[in-house]
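Everything on this sheet refers to the single structure shown next.
These figures come from a predicted structure and were not determined experimentally.
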Amino acid sequence: MNSVYSVNTICYDFIHKLSETDVVALRIKGQDQMKNNEKPIALLMGLSLFMEMLDSTIVTTALPQIQNSLQITAANASLIISVYMIAVAIFIPLSGWLAKKYGNKTIWLLAIIMFTVSSVGSGLASNLTLMLSMRLLQGFSGALLVPIARLIVLENTPPQNLLKMISFVIWPALIAPAIAPFIGGVLSTYWSWRLIFMINVPIGMALFIIGNNVLQHDIKRTDKSTSFDWIGFALISLASASLLIALDIISSKKVLNMLSIVLLLIFISSTIGTVKHLIKATSPLFSIRALRFPSYKVSQFGGSIMWLTVGAIPYLSTIFFQNAFHWSAIKTGSFVLFIFVGNIAIKPFANNIIQKLGFKNTIIVSLFLIFITTIMIGTLTSQINQFYIIAILTLSGVGRSLALTAYNGMSLVEIPYDERNSANTLAAVSQNLSQGIGISLVTISYSVLNQYLTDLNAYRLTYILLEIFIIVPIIEAMIQPRSIGVVKQSDLS
């Protein structure tokens, strides 16, 4: 009950706050006059991303109940998650082209409608076929929603205010994965798993009404004549789908079979083909020219590995506490919730920390904190004082919040306005794949290790795997100049 109340409270407070906020004219030096207020737009987009990310992670804890209700096997139940992830990965590249052709507002509102309708369909599904169909539609709408919400903020924010506005948009990535196990556990235990989809209905309705009034159509940024890059779309879709399907097969079968090997080879060849095509094409699906900027390049390489790690930690910790400690879904969710507490606790100070330490030092400090707390989570036992567990998870949340804020704040500060659409699409593709790969890798690691080790040791070695990954962005950040991500005043004029 508290979980449902908290979601409704978020919606009410958000609507109330927006209704009191005047939409004022904002003129930016060297740019078109912007007619939307930055903060309400960033908050609106943040809530839309919260809805999408909550839904993509909350399903995990309710899978046993869904399996029993629909009378399906565990393998079929896992498809409910896989289909969503694959649909998002395939259709994200489409979002940039649709936004350019029809406008950000039109596509964002369409995505909200489709996401809300597919949520209702998922909640009412009486068989696996209907459920998978709705999850496919939900993944498609999520693929449009995530990058376009970010793009709306980016195109309405000058570089000097980007860090502040990004802090409003980044909170869904911090909050949703942390609170999803708790909300999912409460709803599926005391009510019905169907409510984990139905809670999207009031949020979606509120978003559509407010967005339709607050957002404005930017005709200057639309281009009806823009052609669609079918070759680029086919190549990147093939790369994304083959990788995620291969990892899903390996994690479920617990073996590297011939089909998964073929899919991995397809992924490698199609990735190479995608890069070559995007470089040579006259009208590519999205441009990769933004990689010429060091801050963006670092955010894509080191940031993607960081996303892989921090995206997997709440998921891994959830199944770790449930399977190794034999905790209930509600108790597990209550503890994982403290990652969210850490996220929020540091958030008021994140911008000041970045301004004082710089992007480089903030990233290094936050990554070290993630590294240390990941080690400590892996060494936990059910006999350890629970306040100690709470402290570690809270510190892990602090590290996550700082790292995500720094990487996202740095990524697009140097990118010109006319290149932000392509840069944002590429970032959305890499971040989504990183999170999907992270969850798949920890699943594969545990499944393989558990054949030779106890549950506890298999999980501990899986945490060590995540620690090894996080070393890479630490080294990358350490070799960067202190000035990385700093935009000179002359660049803003």
Side-chain angles (χ1 to χ4, degrees), residues 45 48-49 51-53 55-56 82-118 132-155 211 215 217-218 221-245 266-267 270-271 273-279 281-290 300 304 418-436:
M45 295 303 108
S48 69
L49 294 180
M51 178 180 69
E52 189 278 332
M53 298 192 75
D55 193 85
S56 66
S82 302
V83 164
Y84 181 89
M85 292 175 58
I86 293 169
V88 171
I90 289 175
F91 292 112
I92 274 183
L94 184 63
S95 63
W97 177 80
L98 287 173
K100 188 181 297 183
K101 189 174 181 68
Y102 300 105
N104 294 335
K105 178 179 179 178
T106 300
I107 302 303
W108 184 83
L109 290 174
L110 178 63
I112 292 294
I113 293 173
M114 290 192 298
F115 198 90
T116 305
V117 170
S118 58
L132 294 181
S133 300
M134 290 298 100
R135 289 291 283 172
L136 182 64
L137 178 60
Q138 209 169 29
F140 173 69
S141 54
L144 301 183
L145 190 61
V146 173
I148 291 180
R150 285 166 48 92
L151 185 61
I152 289 173
V153 174
L154 295 173
E155 291 188 348
L215 299 177
H217 290 287
D218 194 346
R221 288 198 175 101
T222 59
D223 183 4
K224 297 289 185 181
S225 63
T226 182
S227 59
F228 186 66
D229 180 14
W230 287 104
I231 296 177
F233 177 69
L235 285 170
I236 197 168
S237 298
L238 183 61
S240 302
S242 59
L243 176 61
L244 291 177
I245 294 173
I266 292 174
F267 160 70
S270 55
T271 299
T274 299
V275 174
K276 289 182 178 180
H277 174 78
L278 293 177
I279 292 174
T282 54
S283 300
L285 188 63
F286 57 86
S287 173
I288 57 175
R289 292 184 65 246
Q300 291 311 293
S304 294
D418 59 350
E419 294 185 37
R420 286 188 175 183
N421 187 315
S422 290
N424 178 67
T425 301
L426 177 57
V429 170
S430 62
Q431 289 178 7
N432 176 75
L433 280 178
S434 295
Q435 293 178 78

Set of residues satisfying ring pair (Phe, Tyr, Trp, His ring centres under 6.0 Å) with respect to F140, sequence neighbours excluded: F91
Ignoring hydrogens and angles, write down the donor-acceptor pairs under 3.5 Å from the side chains of residues 110-118, residues two or more places apart or on other chains.
{"residue": "T116", "atom": "OG1", "partner": "I112", "partner atom": "O", "Å": "2.8"}
{"residue": "S118", "atom": "OG", "partner": "M114", "partner atom": "O", "Å": "2.8"}
{"residue": "S118", "atom": "OG", "partner": "F115", "partner atom": "O", "Å": "3.0"}

Separation of L243 CG from I266 CD1 (nearest 0.5 Å): 11.5 Å
For L136, the side-chain contact (heavy atoms from CB on, under 4.5 Å) test, sequence neighbours excluded, returns V83, A87
Spacing of OG1 belonging to T274 relative to CZ belonging to F233, to within rounding of 0.5 Å: 11.5 Å
Starting at CD1 of I236, measure out to CG of L94 and round the result to the nearest 0.5 Å. 11.5 Å
Interatomic spacing from CD1 in I148 to NZ in K105 - rounded to 0.5 Å: 14.0 Å
Distance-only, no hydrogens or angles: does the S141 side chain make a donor-acceptor pair with backbone N or O of Q138 under 3.5 Å? yes
Return the OG1 to CG distance between T271 and L238, rounded to the nearest 0.5 Å. 8.5 Å
What pair of heavy atoms forms the shortest contact from L98 to I107, and how long is it? O-CG1, 3.6 Å
